[in-house]
Each structure stands twice: as structure tokens, then as C-alpha cells.
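To start, the structure under review is shown below, and the notes come after it.
All values below come from the heavy atoms of this structure, side chains included, with hydrogens, waters and symmetry mates left out. On a predicted model such as this, the values are computed, not experimentally measured, just so you know.
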Amino acid sequence: MKMDREEIYVMVIREMTETAARERNEHSPEDQELQDKVPG
């Protein structure tokens with residue numbers, strides 16, 4: 001399966017965003033409610 005550049009960028013950005021959100025939530029559990037509202 002060949003992915004084009006845009007698909008790769010979207011995948012990488014999504015992973016980075018999820019990782020950052022997870023790390024933030026470990027430090028600020030009250031932010032979990034906001035994270036739950038983010039689609040994805």
C-alpha cells in the first residue's frame with residue numbers, strides 16, 4: 001500500500017497531537033474533559 005505525502009503528514013500530525021494531549025492530560029487531568037470533545 002502506497003501512501004501519498006499528504007496522508008503521511010496527516011498521520012504523523014495526528015500521532016504527535018495525540019501524544020502531546022496524552023502527556024498534557026497526565027499533568028492536568030482536568031483537561032481530559034476538553035480532550036474528550038476533540039473528534040478523532
Side-chain angles (χ1 to χ4, degrees):
M1 181 177 96
K2 184 178 184 308
M3 297 195 328
D4 65 22
R5 251 182 218 175
E6 185 175 344
E7 289 175 306
I8 293 170
Y9 291 153
V10 168
M11 188 174 68
V12 169
I13 291 168
R14 184 177 296 136
E15 288 294 323
M16 291 172 64
T17 302
E18 290 174 357
T19 299
R22 222 177 356 260
E23 290 174 358
R24 186 193 67 222
N25 288 339
E26 288 175 6
H27 299 292
S28 303
E30 63 274 11
D31 288 343
Q32 184 63 47
E33 184 181 343
L34 290 175
Q35 179 63 29
D36 289 343
K37 294 179 181 178
V38 175

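Interatomic distance, T19 OG1 to R24 CZ, rounded to the nearest 0.5 Å: 12.0 Å.
If you chain together hydrophobic residues whose side chains sit under 4.5 Å apart, M16 and V10 never meet in one group. Under the 4.5 Å side-chain heavy-atom criterion for Ile, Leu, Val, Met, Phe, Trp and Tyr, I13 and I8 are members of distinct hydrophobic clusters.
What you find for K2 and E7 is that their closest heavy atoms are O-OE1, 4.4 Å.
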